[in-house]
Engineer: 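Below you will find the structure I want to go over with you.
All heavy atoms count here, side chains included; hydrogens, waters and symmetry mates do not. In what follows, chains carry the letters A, B, and so on, assigned in the order in which the sequence lines appear, proteins first and then strands, with residues in each chain numbered from 1. Everything numeric in this text was worked out from a predicted model, so none of it was measured.
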Protein chains: 4
Amino acid sequence: MDFQLILDEIHAELRPRLDQAGTGAQVARYIPALARVSPRQFGIALRTCDGTTAQAGDSAVPFSIQSISKVFSLTLAIRALDEALWTRIGREPSGSPFNSLVQLETERGIPRNPFINAGAIAVADRLVSLGDANAELLALLSRLCGEPIGIDAEVAQSEADTGFRNAALANFMKGFGTLDNEVTTVLDVYFRQCAIAMTCEQMACAAGYLCRDGAHPLAGTPVLSAAQTRRVNALMLTCGTYDAAGEFAFRIGLPCKSGVGGGIVAVVPDHLSLCVWSPALDATGNSYLGRQALELFVAKTGLSVF
Amino acid sequence: MDFQLILDEIHAELRPRLDQAGTGAQVARYIPALARVSPRQFGIALRTCDGTTAQAGDSAVPFSIQSISKVFSLTLAIRALDEALWTRIGREPSGSPFNSLVQLETERGIPRNPFINAGAIAVADRLVSLGDANAELLALLSRLCGEPIGIDAEVAQSEADTGFRNAALANFMKGFGTLDNEVTTVLDVYFRQCAIAMTCEQMACAAGYLCRDGAHPLAGTPVLSAAQTRRVNALMLTCGTYDAAGEFAFRIGLPCKSGVGGGIVAVVPDHLSLCVWSPALDATGNSYLGRQALELFVAKTGLSVF
Amino acid sequence: MDFQLILDEIHAELRPRLDQAGTGAQVARYIPALARVSPRQFGIALRTCDGTTAQAGDSAVPFSIQSISKVFSLTLAIRALDEALWTRIGREPSGSPFNSLVQLETERGIPRNPFINAGAIAVADRLVSLGDANAELLALLSRLCGEPIGIDAEVAQSEADTGFRNAALANFMKGFGTLDNEVTTVLDVYFRQCAIAMTCEQMACAAGYLCRDGAHPLAGTPVLSAAQTRRVNALMLTCGTYDAAGEFAFRIGLPCKSGVGGGIVAVVPDHLSLCVWSPALDATGNSYLGRQALELFVAKTGLSVF
Amino acid sequence: MDFQLILDEIHAELRPRLDQAGTGAQVARYIPALARVSPRQFGIALRTCDGTTAQAGDSAVPFSIQSISKVFSLTLAIRALDEALWTRIGREPSGSPFNSLVQLETERGIPRNPFINAGAIAVADRLVSLGDANAELLALLSRLCGEPIGIDAEVAQSEADTGFRNAALANFMKGFGTLDNEVTTVLDVYFRQCAIAMTCEQMACAAGYLCRDGAHPLAGTPVLSAAQTRRVNALMLTCGTYDAAGEFAFRIGLPCKSGVGGGIVAVVPDHLSLCVWSPALDATGNSYLGRQALELFVAKTGLSVF
């Protein structure tokens with residue numbers, strides 16, 4: 001398949017929709033640093049298992065990866081703890097944000113899965129116990145894409161200044177005894193990981209181990225085992241796109257993880273990893289154009305896990 | 001791969017566990033006709049895309065397919081209504097049975113997905129509007145496996161006598177105006193579809209269109225379109241095994257649909273469909289040995305969508 | 001106090017508000033027989049412990065008492081079962097209709113209190129076990145107000161034709177094993193008790209035992225013991241006006257029970273019982289003018305339990 | 001009535017139960033400073049509207065008033081803000097702690113009532129905006145009982161060290177924009193008010209305005225208006241004893257407010273205020289012996305609002 005041609009077609013087809021008003025899509029507004037990002041940006045990039053790359057649009061513009069970071073912090077935690085990670089984190093879809101909170105109560109501080117905020121905070125807590133969590137995450141990402149990756153300090157500060165809901169979740173878990181470290185320490189790590197900045201091209205490369213049975217996209221060395229990799233992909237498919245996970249599975253059929261910065265990373269096992277980015281979000285908190293780009297990609301290539 | 005050898009190995013490895021007490025697994029007790037089934041049974045059968053079959057154990061013993069019927073009633077409804085089916089049925093995982101009821105309230109009678117009971121009752125309602133729902137379902141199943149398929153009348157009566165929870169769901173939806181037909185008519189169809197009896201071999205064959213892009217396993221004619229088939233598989237993976245859907249995706253990684261009769265049907269897209277059956281259920285309502293059989297199958301074959 | 005003068009003043013002050021549009025108040029629409037009632041009606045009547053009566057407006061027009069019947073069916077059940085009644089019915093406020101359903105699930109079919117629909121259906125079930133529930137309820141009411149009381153057959157049929165939500169609750173409880181009798185039998189009793197028709201004057205008299213430590217308003221014989229009577233009043237105050245019980249306690253401070261027919265009965269222990277009726281309901285399902293009438297009554301008389 | 005005799009009888013009857021094991025009652029364990037309190041203590045004191053006092057047992061031993069402080073912080077807030085207080089605090093029972101959190105979510109940060117923790121934190125926030133909240137509360141209490149009242153610093157520190165659930169609630173509300181001040185400032189005020197220490201005799205006197213239409217128990221000057229006082233009493237009756245408010249209304253029939261320190265204050269409007277204290281709590285978090293003492297008091301005196 002000529003992936004460059006396909007990405008060019010997708011870009012040509014979707015780029016005009018950046019100009020259309022009335023869709024209701026808009027950039028995340030909960031922190032000033034994100035609210036200032038121009039919605040008129042759209043990038044897409046992919047990297048196949050054998051190293052072919054393709055990209056179109058604003059694929060080299062850094063964006064705030066936000067919740068996409070949860071895939072990589074989970075990867076670090078699985079590497080270090082494997083099955084032991086799952087004693088205080090579940091693996092089931094949460095149904096809705098509403099339920100995730102109820103479930104945190106009824107399930108006594110055990111988050112439903114590592115991709116809801118409570119779960120990612122729990123993962124951050126485990127990483128804090130193991131060492132310098134932010135430094136290790138940046139080191140992992142830098143190795144995976146062969147370029148230095150950093151944190152946008154302004155976004156990190158903005159997250160910390162306004163992250164009351166996350167502070168509520170962390171305190172709630174601390175009250176149940178399911179966080180080991182200080183709430184402020186864990187939140188600091190969590191807010192900083194959300195503020196990591198990467199381009200579509202970097203992200204498509206970094207996620208390469210997820211389509212290669214865990215093998216490093218550049219070095220070929222194991223990042224995760226094949227079984228661990230399949231499980232990360234399974235979690236992305238069932239829990240990776242907020243309350244639209246069922247809809248993504250139904251319409252796109254690929255493991256995906258999205259962030260409120262407008263990025264979505266997707267995996268076609270044994271084929272390729274790709275990343276789309278466009279900052280305006282739909283009502284479910286997923287990138288409005290990114291979702292359409294993935295639907296088009298699947299329609300044009302026939303690639304799907306199903 | 002020598003699938004017959006693999007199934008024989010699985011059977012040899014698991015059969016002894018039928019004798020072990022202390023697992024907590026037990027047959028469904030909510031209706032007398034199911035409570036009388038001996039837990040000491042275990043069958044497995046598969047059929048590949050090119051027609052190869054393999055089977056082991058009690059693969060020719062008929063069992064009550066229960067919720068597995070939801071895959072086929074959904075197939076009938078998608079054939080007839082396609083996208084229009086989804087106006088009053090969602091496609092998201094429900095989180096838990098607890099939530100499914102809350103969500104039915106907060107989402108005003110729109111069930112979360114077609115595989116929770118409320119969703120399957122809604123599908124049955126649509127089929128009632130289209131004709132003789134039970135007759136068409138039996139005709140579909142009989143064509144798919146090339147043998148006459150029928151309903152266990154005793155189980156059907158038992159379901160009707162004790163199906164108060166389902167009557168509650170149907171009345172609840174009727175109160176919201178999201179059922180078109182009489183509650184008693186719809187429930188009768190629903191209770192009867194749950195009481196269909198099939199063997200593992202029949203079920204492995206009947207589900208064959210799900211691994212063949214929708215093509216009839218014997219005739220090759222289209223049962224569903226390729227896109228429709230992918231969507232049914234996506235729903236099975238995200239919503240097919242009650243509250244253990246995340247766990248099944250994580251450990252097994254295949255679209256599956258289970259029933260409280262102890263059957264589980266699984267699909268390896270482009271490869272094969274298989275069915276396991278063992279009546280004793282674990283705490284999540286899925287077949288205790290069936291789940292282990294699927295984990296072993298995946299471990300031995302390396303087949304997974306991820 | 002000159003109660004006739006006070007009721008006349010309340011009537012004079014509120015009657016003009018029947019003509020004012022824009023309040024959002026409207027008659028219950030869920031059954032045709034209630035939706036046809038003219039909203040331009042307002043009646044009020046009271047009866048003191050020593051037998052003085054006062055009335056104003058449409059106090060002699062029969063209306064559908066609906067949920068007010070729950071006070072009297074509860075009275076019959078307490079008389080027959082006393083403490084044993086409470087093994088499968090709670091005594092706590094439910095918080096909201098939303099919660100009442102969740103709680104029915106989490107509390108395994110035990111309704112929160114006898115005044116939410118599930119609780120009143122449970123009371124009806126106990127009364128069915130004891131005899132001809134509707135006949136005994138009509139006999140009690142007829143004795144209490146010294147006039148024959150009957151059921152509006154058209155309203156009863158209308159309730160039965162559209163009572164899907166109540167059918168859901170009854171089936172739900174039956175599924176938990178907390179209803180002893182057939183669902184259809186219990187619902188028939190419940191729908192018929194809701195369709196009882198009475199006037200404000202009759203209701204003010206019938207409720208007289210609640211302000212007289214349980215003594216029959218006309219005969220003086222015990223209807224309930226003093227302790228039982230206090231408990232019915234306590235339940236009315238904490239649970240008698242749907243989701244506005246806290247608001248009624250805060251603003252009015254009297255045990256009250258309302259119905260969607262627009263009636264509200266209120267008790268001033270050791271002083272009087274009164275009934276207001278005006279069919280248009282506010283957003284909480286309580287009579288819009290009835291509530292204002294009670295606030296005025298309390299302001300003018302200084303009567304309150306607090 | 002000879003109240004001293006009645007309290008002596010209650011003390012004589014209940015004191016032996018302090019020695020009986022097997023009730024399951026135990027002192028609050030969530031903070032070390034409370035967990036160390038001996039459960040073998042029981043005190044009771046009352047003060048009538050005309051100034052008569054009576055007391056028995058450990059009525060002069062100071063205890064941690066905990067949530068009873070919410071009555072007095074509410075009093076300060078009503079005095080300062082009157083109706084404006086209620087724009088961001090509700091007045092309905094919450095049903096259960098479980099629901100209080102769900103409701104905080106569905107009702108967008110508006111607590112159900114001022115006596116659940118979220119509501120009391122919201123009241124504290126309003127008081128912080130008005131001045132030195134803790135100082136004013138201590139001044140109010142000192143004036144009401146004519147003796148200096150202080151905070152147990154060890155308990156306050158213990159609350160702050162372990163108050164993760166309250167920190168979660170405060171951050172949750174801050175995320176909804178319904179707290180005006182800094183989370184840490186508001187929590188500090190809240191934790192300190194919970195750590196106020198008083199004796200039964202002091203508390204019975206301090207609550208005296210609640211049975212005197214708002215008049216200061218010693219000075220006779222207005223603390224609240226009569227209408228405001230009735231409303232505080234109404235809130236105590238419907239929401240003052242955690243999830244047992246319905247049960248307290250049913251069995252005791254008086255406005256009450258309890259704390260996890262084992263104290264309960266109760267009001268008989270127009271008659272008297274009383275306070276019982278015994279540290280061991282029942283499963284609903286209310287004083288085990290305190291509740292029995294109130295039931296006995298009501299049975300012996302016939303006093304009840306119903």
Engineer: Would you check if the side chain of A/E92 reaches a backbone N or O of B/E247 as a donor-acceptor pair within less than 3.5 Å?
Structural biologist: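 Yes, the answer is positive, given that a donor and an acceptor are paired below the 3.5 Å cut-off.
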Engineer: Tell me which of these, B/P255, B/A227, B/P269, B/G246, has more heavy-atom pairs under 4.5 Å with chain A than the rest.
Structural biologist: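 The answer is B/G246.
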Engineer: Looking only at heavy atoms, which two atoms of A/L237 and B/L237 are closest? And how far apart?
Structural biologist: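 Scanning both residues completely, I find the closest heavy atoms to be CD2-CD2, 3.2 Å.
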Engineer: Can you tell me how far the CZ atom of B/F306 sits from the CG atom of A/L254, to the nearest 0.5 Å?
Structural biologist: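 It comes to 10.0 Å.
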Engineer: Just checking A/H216: does its NE2 atom have more than 12 heavy atoms from other residues, nucleotides or ligands closer to it than 6.0 angstrom?
Structural biologist: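 Counting neighbours around NE2 of A/H216, more than 12 heavy atoms of other residues, nucleotides or ligands fall under 6.0 Å, so yes.
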Engineer: What are the two closest non-hydrogen atoms of A/A249 and B/T238, and how far apart are they?
Structural biologist: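 Minimum heavy-atom separation between A/A249 and B/T238: CB-CG2, 3.8 Å.
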Engineer: I need the residue from A/C239, A/G253, A/S304, A/A244 with the largest number of non-hydrogen atom pairs under 4.5 Å to chain B.
Structural biologist: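 Highest number of pairs under 4.5 Å: A/A244.
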Engineer: What's the shortest heavy-atom distance between B/F250 and A/R231, and which atoms?
Structural biologist: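 For B/F250 versus A/R231, the nearest heavy atoms are O-CG, 3.0 Å.
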